[in-house]
Amino acid sequence: MDFTFAAILLLVIMYLLHRIDKLEGRIKGMRYRLDQVAKQVDVPEPPINDELRKLIKEGEDVKAVKEAREALGLSLVEGKQYVDALKFED
């Protein structure tokens, strides 16, 4: 009985992980398309980016991540990725 429950639970977890992976892929594709549209219609970048670049130049990457998270409502990982993208775009 315990084996059956564990097997079913494992299958459910594997299914959910598969669905999450597919959703993450779709989100990545949507972000790419949004970036392309933003470039075509010349959407200005968020004003916080200038402050973040200044912090990055001063070597305050951790503070830049914190500011990005607060201003843009990002998770820790997303904030780090955002700051890294700003750091390496130039």
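Positions are given from 1 along the sequence.
Legend: residues meeting side-chain contact (heavy atoms from CB on, under 4.5 Å) with Val43, ordered by chain and number and at least two apart, are Ala38, Val41.
Checked options Lys80, Lys66, Lys87; the residue passing with Asp61 is Lys87 (criterion: side chain to side chain donor-acceptor pair (under 3.5 Å)).
Note on Leu72 and Val83: same hydrophobic cluster, where clusters join Ile, Leu, Val, Met, Phe, Trp and Tyr whose side-chain heavy atoms are under 4.5 Å apart, directly or indirectly. In the hydrophobic clustering of this structure, Leu76 groups with Ile56; members are Ile, Leu, Val, Met, Phe, Trp, Tyr whose side-chain heavy atoms approach within less than 4.5 Å, directly or through other members.
Counting only residues at least two apart or on different chains, the side chain to side chain donor-acceptor pair (under 3.5 Å) pairs with a member in residues 27-46 are Glu45-Asn49, Glu45-Arg53.
Side chain of Glu78 to backbone of Ser75: a donor-acceptor contact under 3.5 angstrom is found. Using a distance-only test at 3.5 Å, with no hydrogens or angles considered, no donor-acceptor pair links the side chain of Arg69 to the main chain of Gly79.
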Only distances under 3.5 Å count here; give the side-chain donor-acceptor pairs of residues 11-22 to other protein atoms, sequence neighbours excluded, each with its distance to 0.1 Å.
none

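Under the 4.0 Å criterion applied to side-chain N and carboxylate O atoms, Asp50 and Lys54 are not assigned as salt-bridge partners.
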Next on the checklist: Val65 vs Tyr82, test: side-chain contact (heavy atoms from CB on, under 4.5 Å). Steps then yes/no.
Outcome noted: CA-CA 8 Å; Val65 170; Tyr82 191 86; over 6 Å; no
